[in-house]
Every structure is written in C-alpha cells, then in structure tokens.
Visitor: 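One structure coming up, written as structure tokens, with questions to follow.
Note that these values count all heavy atoms, side chains included, but never hydrogens, waters or copies made by symmetry. The sequence lines fix the lettering, A, B, ..., with proteins before strands; numbering per chain opens at 1. Note that the coordinates shown come from a computational prediction; the quantities given were computed from them, not determined experimentally.
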There are 2 protein chains.
Amino acid sequence: MPKQVDPVARRADVVDALFRVVFREGLQRASLRAVADEAGLNIGSLRHYFANQQELMGFAMRAMLDRVSGRLMRRIDEAGDVGALTLEQRRRLSLDLLAELLPLDETRRVEVAVFVDFVTAARTHPAIDAGLAREAAVGARALVRRILRRAMDSETLRPDLDLDVETERLSSLIDGLSLNTVLYPDLLSPEACLDVLRDHLDGLTRQGS
Amino acid sequence: MPKQVDPVARRADVVDALFRVVFREGLQRASLRAVADEAGLNIGSLRHYFANQQELMGFAMRAMLDRVSGRLMRRIDEAGDVGALTLEQRRRLSLDLLAELLPLDETRRVEVAVFVDFVTAARTHPAIDAGLAREAAVGARALVRRILRRAMDSETLRPDLDLDVETERLSSLIDGLSLNTVLYPDLLSPEACLDVLRDHLDGLTRQGS
DNA sequence: TTCGATTTATCACAGGTGTGATAAATCGAA
DNA sequence: TTCGATTTATCACACCTGTGATAAATCGAA
C-alpha cells in the first residue's frame, strides 16, 4: 500500500548531497534546506528520512567511515593471503593501504575535505558526534600500527624503532599531508603528497641510512 | 576633545575575546554579538573598531600570525649568533623553534585550536581571508626549510636527504601532530607530541641508523 | 561652560536556522 | 475503486545572523 521508495538509496542520495554542499560551501552552509535543495528534495521530505540535523550528520559521518574502511577491506581481500606475499609485495600493500587515506584523486579529495570539516567541527559543534571523530582517529592508528607491526615481524623494519612513537609519527604525518593537500593543493600536490609518504616508509624499512 | 580610549588595546581585547569564543564554542558560534558579549562590549561599540565581520576575522588572524612569529623571533634573538653555537645547541634551537608551533601548553593549545578552525574555514568561508591561511602555511614551510638547510650546511644532517621532501615531511608532521593533540588530547598528549618531533629530528641528524 | 570628535548604545530590517505541526499527494494492495 | 501507510509538501514559530542608520553619552580641550 505504501508509496514505493528505496529508503536506503534515498538516504545515500541525501548523504552525497550533503558531502557536495560541505565540499563546495563548507559545513557552515550545509543547512538542512541547502542539503535538501542539493538533493532535489523538499525539506519536509528530507526530514522524513532524518528526524533532525544531528541524525543526518551522524549518519553521514558513519557512511563516510564505512566507505573508507570498505575500500581498505577490499584492498586487503584483493591482496589475498598476506603470508604468501613477497617482501616487495608487502611493502606495496602497506603503501597502497595508507595511500588510500590520502586525497590523491578527486573522490578522496572531496572525502578528506569533508572529513576535515567534520572532525574539526566535532570539537565544538553540538550536532556533530565527537565520539565518531575520535573513533576514526583510533581506527586509523590501529591500521597504521598493524602495518608497522607486520613489517616488524617480517623483519623488514628497522629494529631500533619504537612502535608507539612510529605509529603516532606516521599517523600524524598522514593527517598533516591530507590536510595540506586539501587546503593548499598548489603547495602540496597529490603526487608530492604520495612521494613524501613513500619516502617515509622507505626510511622506516631501509636499514641504516 | 575625544573620549580617551586606547584603540590598539581595545582591538587586542576584542581579538582575545574572539579567540576565547572560538576555542570554547567554535568559529561557527563566534558571531559579532557573541564576541562583543565576551569582550564586555556592546555590539555597536565593537563595530566602531571593526566595520565588518571580515575585518574582524582578518585582523584576528593577522594578530595570531604576528604573535607566533614574534615568539619565534624572540627565540632566535635569545639564541644570539647562530654561528657561535655548538652543534648540540643548534639542535636544541631547532627543536625549540619547531616546538613553538605545537600546542604544548594551554596558551598554544588555544592558539592552535583557533588556528585550525580558521584555516579549515578559510577554504570556504567568504569572511575569512584564504590568502592569510596560505601565507601561514608558506611561512611555516620557510621556517622548516631554513632549519633543515642550516643543519645541512653544518653537516649535522644526513646527506642523503632531499630538502624539498624533508621540508614537506616535517611541515606536515607538525601540522598533523598539532591537529591530533588539539582534537584528541587523550590520544596524543603534549608530551608524546614533543617526543615524536624529537625522534623525527633525531632520525634526520643521526647518521646511518 | 561650551564645543565636538570619539565612543557607546539602540532600533530596524531582511535573511537564514532548526524544528514542531499538519495537511496533501502518492500508489500498490485488498 | 477504496483503503491507508508511505512519502511529499507547507506553514508557522522563535531564534540568530550581519549590517545600515541614527541617536545618545562621554570627556578632554578651548
């Protein structure tokens, strides 16, 4: 009896519209009305799928985290059994996984730009769940740590390194690179961004130099 | 004949009030009225010193940059003639200068938090001068590059390093460390933040290990 | 005391915000 | 065709925003 609409797809459309608005005009201008307009919906319609602003923001942020972690999972699956890889293949996988977090193409540039707005706003904005932002930071560190740990176990990592410090160093480096590439693409191009990450990883694995 | 008020001090008071509001409630809530209230002024009075929002924001951002570069200048002056320093003193100076950019105490924590809000908002917010944000990024890179260059010239730096890449790596690392310390102080304490920076600099200077 | 530039204080306006409440339209199933 | 849950669409309200315009108060100098 009901009017037939796929609510999942609708919500996804709204989230996409939200991302576009945030990327183009910032989180400040991403009002419910602006998002509804961008999605081609009436605000009443939008509010049927998201009761309030807080719910929309939370759903959008969660969707973004799912999207990123989905890409990471896919990369890992594609790699197959990690134990069967050569050292060179492992290094390549590490780089690919971490590079997945950088704004190297337009899709990820939008993603990172929106993400930056979210996490900075989460510090103070009442409608944005600070717990989700923290969760993302924790997750990123867990990934970085696992990658470093695996390299340590396979003895491709310099043995004099402290895992805690290196985890934080690499995590913060990635954050800083992402931030600068998004904010000042003329100062730090996506290519240069990747070069820095590659050099950093090289420095971690190459013995004594 | 005029009523006697120090306009310079007034403007500084307003800027301080703005920083407090931004730190506490975010740039989003830092409206002219909120800033005026925080400064104990009537909004009409505030508008006598700052014609627009744009002017206030620009002045505040400029004041912040002046404050930081002033601290850096003072550090350099205190160090005296750089050529007369021992290698250990030079390394210490490099660390101190770069650490000046990190949110290691409450003053700088507020500063960095506000700064982060500013630069991210500058990407889209029409009342915030994106040129100033870019200028700050350029300035930070210039400082980092000079420090690295000096270390290279005095042969305390590993000779196999690319100055461009290392400048960007260190600059982005500092940005990432600052961001994470401000956003997630329970994940990255000021002490740990400084440890990471120290380790990074050690890795740049220590030959072959 | 009178003057007058500086400084403070108000009012008003157009526009935008989230949200509660409610009506209307839709369209497949019974 | 009729029903009715789903979906869409409006209206209204209180609140906040930047800003233009204008009046009022201040207080040292002449």
Side-chain angles (χ1 to χ4, degrees), chain A residues 1-18 20-22 24-61 117-118 121-122 124-130, chain B residues 1-18 20-22 24-61 117-118 121-122 124-130:
Chain A
M1 321 141 170
K3 184 172 175 184
Q4 202 63 3
V5 172
D6 181 0
V8 175
R10 261 277 192 278
R11 281 167 165 252
D13 288 345
V14 173
V15 168
D16 284 340
L18 171 62
R20 287 197 299 274
V21 174
V22 173
R24 193 186 336 118
E25 309 177 49
L27 198 55
Q28 190 134 98
R29 302 283 180 201
S31 65
L32 294 183
R33 285 171 176 85
V35 173
D37 287 353
E38 178 75 24
L41 293 176
N42 186 288
I43 183 178
S45 194
L46 185 150
R47 292 186 58 206
H48 179 254
Y49 295 98
F50 300 98
N52 47 37
Q53 180 176 230
Q54 187 173 346
E55 195 178 310
L56 170 59
M57 294 301 181
F59 186 87
M61 194 143 189
D117 269 22
F118 265 102
T124 52
H125 200 301
I128 294 182
D129 185 2
Chain B
M1 323 143 166
K3 186 174 175 184
Q4 202 62 1
V5 172
D6 181 3
V8 175
R10 259 277 191 279
R11 281 168 166 251
D13 288 345
V14 172
V15 167
D16 284 340
L18 171 62
R20 287 197 300 273
V21 175
V22 173
R24 193 188 333 120
E25 309 177 49
L27 197 55
Q28 189 134 82
R29 302 283 181 200
S31 65
L32 295 183
R33 285 173 176 83
V35 173
D37 286 354
E38 178 75 24
L41 293 177
N42 186 287
I43 183 179
S45 194
L46 186 150
R47 292 186 58 206
H48 179 254
Y49 295 98
F50 300 98
N52 320 341
Q53 181 176 226
Q54 187 173 345
E55 195 178 308
L56 170 58
M57 295 300 181
F59 186 88
M61 193 143 190
D117 269 24
F118 265 103
T124 51
H125 201 300
I128 295 182
D129 185 2

Visitor: Tell me which pairs pass salt bridge (charged side-chain N to carboxylate O under 4.0 Å, His left out) where either residue lies in residues 48-59 of chain A, with sequence neighbours left out.
Guide: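 Counting only pairs at least two positions apart or across chains, the salt bridge (charged side-chain N to carboxylate O under 4.0 Å, His left out) contacts touching residues 48-59 of chain A are A/Arg11-A/Glu55.
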Visitor: For a quick test of reading the model: is some side-chain N or O of A/Ser31 closer than 4.0 Å to OP1 or OP2 of C/dT17?
Guide: yes
Visitor: Measuring from A/Asp129:CG to A/Met61:CE, what's the distance to the nearest 0.5 Å?
Guide: 8.0 Å
Visitor: Please give, in whole Å, the distance from C/dG18 C1' to A/His125 NE2?
Guide: 11 Å
Visitor: Not counting sequence neighbours, which residues clear side chain to side chain contact (heavy atoms under 4.5 Å, CB included) with A/Gln53? List them please.
Guide: A/Leu32, A/Met57, A/His125, A/Ala127
Visitor: How many Å lie between CG on A/Leu18 and P on C/dG18, as a whole number?
Guide: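 It is 11 Å, rounded to the nearest whole Å.
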Visitor: List for me each residue that meets side chain to side chain contact (heavy atoms under 4.5 Å, CB included) alongside A/Ser31, sequence neighbours excluded, and say none if there are none.
Guide: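 Partners of A/Ser31 by the side chain to side chain contact (heavy atoms under 4.5 Å, CB included) criterion, ordered by chain and then number, come out as A/Arg33, A/Ala34.
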Visitor: In chain order, what residues pass the salt bridge (charged side-chain N to carboxylate O under 4.0 Å, His left out) check against A/Arg20, with sequence neighbours excluded?
Guide: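 Testing A/Arg20 for salt bridge (charged side-chain N to carboxylate O under 4.0 Å, His left out), a comparison that skips the adjacent residues, returns A/Glu38.
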Visitor: Suppose we screen for salt bridge (charged side-chain N to carboxylate O under 4.0 Å, His left out). Which residues come up paired with A/Asp16, at least two apart in sequence or across chains?
Guide: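 With neighbours one apart ignored, the set is A/Arg67.
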Visitor: Which helical stems does DNA chain C take part in, if a stem means at least 3 consecutive Watson-Crick or G-U pairs with both distances below 3.5 Å?
Guide: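 Stems found: C:1-30 with D:1-30.
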Visitor: Quick check on contacts: within residues 47-61 of chain A, what sits under 4.0 Å from DNA chain D by heavy-atom distance?
Guide: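 Within residues 47-61 of chain A, the residues near DNA chain D are A/His48, A/Tyr49.
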Visitor: Quickly work out the A/Arg29 CZ to D/dT17 P distance and round it to whole Å.
Guide: 13 Å
Visitor: Nearest whole Å is fine: how far is C/dG15 C1' from A/Gln28 CD?
Guide: 15 Å
Visitor: Give the rounded distance in Å between these two atoms: CG of B/Leu27 and P of D/dC16.
Guide: 18 Å
Visitor: Got a sec, which residues hit salt bridge (charged side-chain N to carboxylate O under 4.0 Å, His left out) with B/Asp37, two or more places apart in sequence or on another chain?
Guide: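 B/Asp37: no salt bridge (charged side-chain N to carboxylate O under 4.0 Å, His left out) contacts found.
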Visitor: Kindly list each side-chain donor-acceptor pair under 3.5 angstrom involving residues 42-51 of chain A, sequence neighbours excluded, with atom names and distances?
Guide:
from, atom 1, to, atom 2, distance (Å)
A/Asn42, OD1, A/Gly44, N, 2.7

Visitor: Report the distance from atom CZ of B/Arg10 to atom C1' of D/dT26, rounded to the nearest whole Å.
Guide: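 Result: 13 Å.
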Visitor: How close do B/Ile128 and B/Leu27 get, heavy atom to heavy atom, and via which atoms?
Guide: CD1-CD2, 3.3 Å
Visitor: Mind running a 4.0 Å heavy-atom check of residues 33-44 of chain A against DNA chain C and sending the residues that fall below it, in number order?
Guide: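 Within residues 33-44 of chain A, the residues near DNA chain C are A/Arg33, A/Ile43.
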Visitor: Name all residues meeting the side chain to side chain contact (heavy atoms under 4.5 Å, CB included) criterion together with A/Ala60; count only those two or more places apart in sequence or in a different chain, and write none if there are none.
Guide: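 Listed in chain order: A/Val15, A/Leu18, A/Phe19, A/Phe118.
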Visitor: Name all residues meeting the salt bridge (charged side-chain N to carboxylate O under 4.0 Å, His left out) criterion together with A/Glu25; count only those two or more places apart in sequence or in a different chain, and write none if there are none.
Guide: none
